[in-house]
**Q** 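Just dropping this structure here.
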Protein chains: 2
Amino acid sequence: MSSGYVTLGQVAEAAGVSLATASRVLNGSTSTRQVSGELRERVTSSARALGYLPNASAQSLARNSSSLVGLVVHDIADPYFSSVAAGVTQTVEEHGLVVVLGTTDRSPSKESTILAALRSHRAKAVVLVGSRSTDSKSTEALTREIELFRRQGGRVACVSQPVLPADTVSPDNHAGAAELARSLIEQGHRKFALLAGPNNLSTARERMDGFHSALSAAGLEPDYQDVMHGDFTRDGGYASTRRLMMLGTEATCLFAVNDVMATGAIAALRELGVRVPEQLSVAGFDDIPTLRDLTPSLTTVRLPLEQMGRQAAELVLAREEREEPRLIDVHGEVLIRESTRPPA
Amino acid sequence: MSSGYVTLGQVAEAAGVSLATASRVLNGSTSTRQVSGELRERVTSSARALGYLPNASAQSLARNSSSLVGLVVHDIADPYFSSVAAGVTQTVEEHGLVVVLGTTDRSPSKESTILAALRSHRAKAVVLVGSRSTDSKSTEALTREIELFRRQGGRVACVSQPVLPADTVSPDNHAGAAELARSLIEQGHRKFALLAGPNNLSTARERMDGFHSALSAAGLEPDYQDVMHGDFTRDGGYASTRRLMMLGTEATCLFAVNDVMATGAIAALRELGVRVPEQLSVAGFDDIPTLRDLTPSLTTVRLPLEQMGRQAAELVLAREEREEPRLIDVHGEVLIRESTRPPA
DNA sequence: GTTAATGTGGGAAGCGATTTCCCATCGGCA
DNA sequence: TGCCGATGGGAAATCGCTTCCCACATTAAC
């Protein structure tokens, strides 16, 4: 009573039935087994009376599977990840399961560690959010970890990274960036500066590629001197932009591969006395909800982040056990707002 | 091999020792027991060779305690919570533990559900973030849940809510809001409009009270017609502000009890053609990192959100088992920025 | 009126660790 | 040489729950 736990055995005893029966009742009749109504009632009521709460560890051990679902992000404070995380969390909780949050800090080794922990807990599934480095070196350990995870019956889904043979919710970065580029060209821009991401991240590269291909299609040669590599963070965007401006550029429009970097860029430009969009247009990607109130409002490519999280979770929690890894394509909608305008 | 798990038994067998010995080695010698160096080596190496990974459920069952630490927030997409969450997560992971994320959606019943799940998993501790309703009705079940949780040996810490008898990291909302009010008065403001939070949330009320008390101290009577109640969300702030302006106000400064609502307020004012700060000053509270790049930059009270998360986690993970619930006071620093200026 | 089919409850064997005893062995010391 | 206290290792009991399998009963089928 004071420090004790109520066990199934105690419930069974109180109800005057065997452990097996009590278990059956509380599990809503395992498979086709039936329990008479009267016993069922006795068990449930004494369980309630005793305040019985099953020991999840014991259940996991016996069932060899837990009610845990992993959610792996790089940085939960980053609004991109927190938006997706919100979707994942909602869905997982709706299914009566529990979210285990792991943050990688963008380190592949940490990611492997997290996956191992999930494996150790016999997690039911895991949703990997954000793009990973694609160079085989650092992916190797991760891939093996994932392989082990699914060998245990765990399901895996990715958001924004069709790297692994797993269900994936993938925004069409290439098309979105290309469409954005076309809109900017249409506005009259001819020379662009680019705030790229780390080159080994698929997401970053896809957005760059999409942007480039649209430029090429329009007969424009991107000026590679105006490409700065950032790290997807606000401060990275800020620093890269300062560097870019110090070096000097003739670009009339700056495309940052995500909104967070674009935010840093605008901050840097303001400090340097460069007015946006009058002197330099700025465009981003993602349409981060928290950043929608920036001034000037960001021209960007909208991604339904929260919904993507929900879809990934659904994918991984779906009863159906399909062979083919599913790929859900997400369309990004170009939003022309205040931060871009036709060049002077 | 193909679908199997490696158990401690297999490791022991491979090393030619008993289960007990293998367990002792892998746990770094339980209590004062020593294992000879040679055996120790044999065990660790065959564990590594076999790719042994302990079954966390089995460990939890045997030890009656898991490596899980709960993190409960209202809405992980809200930058306030994601900032604190980042701090908590960092610290928990540094300790080699695993974070279980629960989102309440601001519903007390969901919160109880989460706590029960944590109890069921024998979580080591839980960090509750964000203020809860203080009316006893909805707190009752939660309090009981918490009581049960700690009876099981679980530790509890709260961030920003010294409601329960638990370790708490609490910003000094009253003092911060008062200091902010004094600064605004010093700027020359005499009539204020207030975007309050839900009245039953301690955080919201403390900030209101602090603000009011500073006004009174300055001989100013707050005009209660200009108090709008919001819900801590951006859209709530937006809607309340529209309502406020429709009703008309003579205030020269609008104080929103958090940055998120202030953001909504600024958006509404812009739509209404009211210039900030020229026509109306706006101040917030929290200094949300993601919102620092707003234009105009927000006058606010800075709270070290991430650090608060870290502290709460430290509190709950500290080895020392102190009797008195600890209370860590966090000072909020007033930051006068662009969104407020002396009235015309 | 047997035999077979079905429906229900209980017994007991795991699940994979931890941990408590208990025993064997090895020195040390008288 | 003999006894005793350490010391290191193993057998086995748990932890709380699920589930296979058997027993008994009731009813259906012939």
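Since this is a predicted model, take the numbers as computed values, not measurements. A note on names: the letters A, B, ... follow the listed sequences, proteins ahead of strands, and every chain is numbered from 1.
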**Q** For E13(B), is the CD atom crowded, meaning more than 12 foreign heavy atoms sit under 6.0 Å from it?
**A** no

**Q** Using whole Å, report how far CG of L8(A) lies from C1' of dG16(D).
**A** 8 Å

**Q** Quiz question: going by heavy-atom distance under 3.5 Å, is there a donor-acceptor pair between the base of dG10(C) and the side chain of R24(A)?
**A** yes

**Q** Nearest-Å distance, CG (L26(B)) to P (dG9(D))?
**A** 14 Å

**Q** Which of these, R326(B), Q311(B), Q307(B), R310(B), sits in a side-chain contact (heavy atoms from CB on, under 4.5 Å) with V169(B)?
**A** Q311(B)

**Q** Would you say the side chains of T168(A) and S170(A) form a donor-acceptor pair under 3.5 Å?
**A** no

**Q** Show me the dot-bracket string of DNA chain D, counting Watson-Crick or G-U pairs under 3.5 Å, with | for pairs to another strand and [ ] for crossing ones.
**A** ||||||||||||||||||||||||||||||

**Q** Report the distance from atom CD of Q59(B) to atom C1' of dC15(C), rounded to the nearest whole Å.
**A** 14 Å

**Q** Atom CZ of R40(A) and atom P of dG7(C): how far apart are they, to the nearest Å?
**A** 15 Å

**Q** When you measure from the side chain of R42(A) to the backbone of A15(A), do you find a donor-acceptor pair of N or O atoms at a distance under 3.5 Å?
**A** yes

**Q** Using OP1 and OP2 only, check whether a side-chain N or O of Y5(A) sits under 4.0 Å from dC17(D).
**A** no

**Q** Any side-chain heavy atom of S60(A) sitting closer than 4.5 Å to one from R122(A)?
**A** no

**Q** Where each residue is assigned the nucleotide of DNA chain D containing its nearest heavy atom, which of S18(B) and R122(B) is assigned the position nearer the 5′ end?
**A** S18(B)

**Q** What's the closest nucleotide to the side chain of T21(B) if the choices are dT19(D), dT18(C), dG10(D)?
**A** dG10(D)

**Q** Just wondering, do V159(A) and V127(A) contact through their side chains at under 4.5 Å, heavy atoms?
**A** yes

**Q** My understanding is that only residues two or more places apart in sequence, or in another chain, count here; which of them pass salt bridge (charged side-chain N to carboxylate O under 4.0 Å, His left out) with D105(A)?
**A** K110(A)

**Q** What is the separation between atom CG on L53(B) and atom P on dA17(C), rounded to the nearest whole Å?
**A** 9 Å

**Q** Would you mind telling me which of dG16(C), dA17(C), dC17(D) lies closest to the side-chain atoms of L61(B)?
**A** dG16(C)

**Q** Would one find a side-chain N or O of S23(A) under 4.0 angstrom from OP1 or OP2 of dT18(D)?
**A** yes

**Q** Would you mind reading off the distance between N55(B) atom CG and dG16(C) atom C1', rounded to a whole angstrom?
**A** 6 Å

**Q** Tell me: CZ of R63(B) to P of dG16(C), nearest whole Å?
**A** 17 Å

**Q** L19(B) has an atom CG; how far is it from atom C1' of dA13(D), in whole Å?
**A** 13 Å

**Q** Kindly point out which of dC17(D), dA17(C), dT19(C) is positioned nearest to the side chain of P54(B)?
**A** dA17(C)

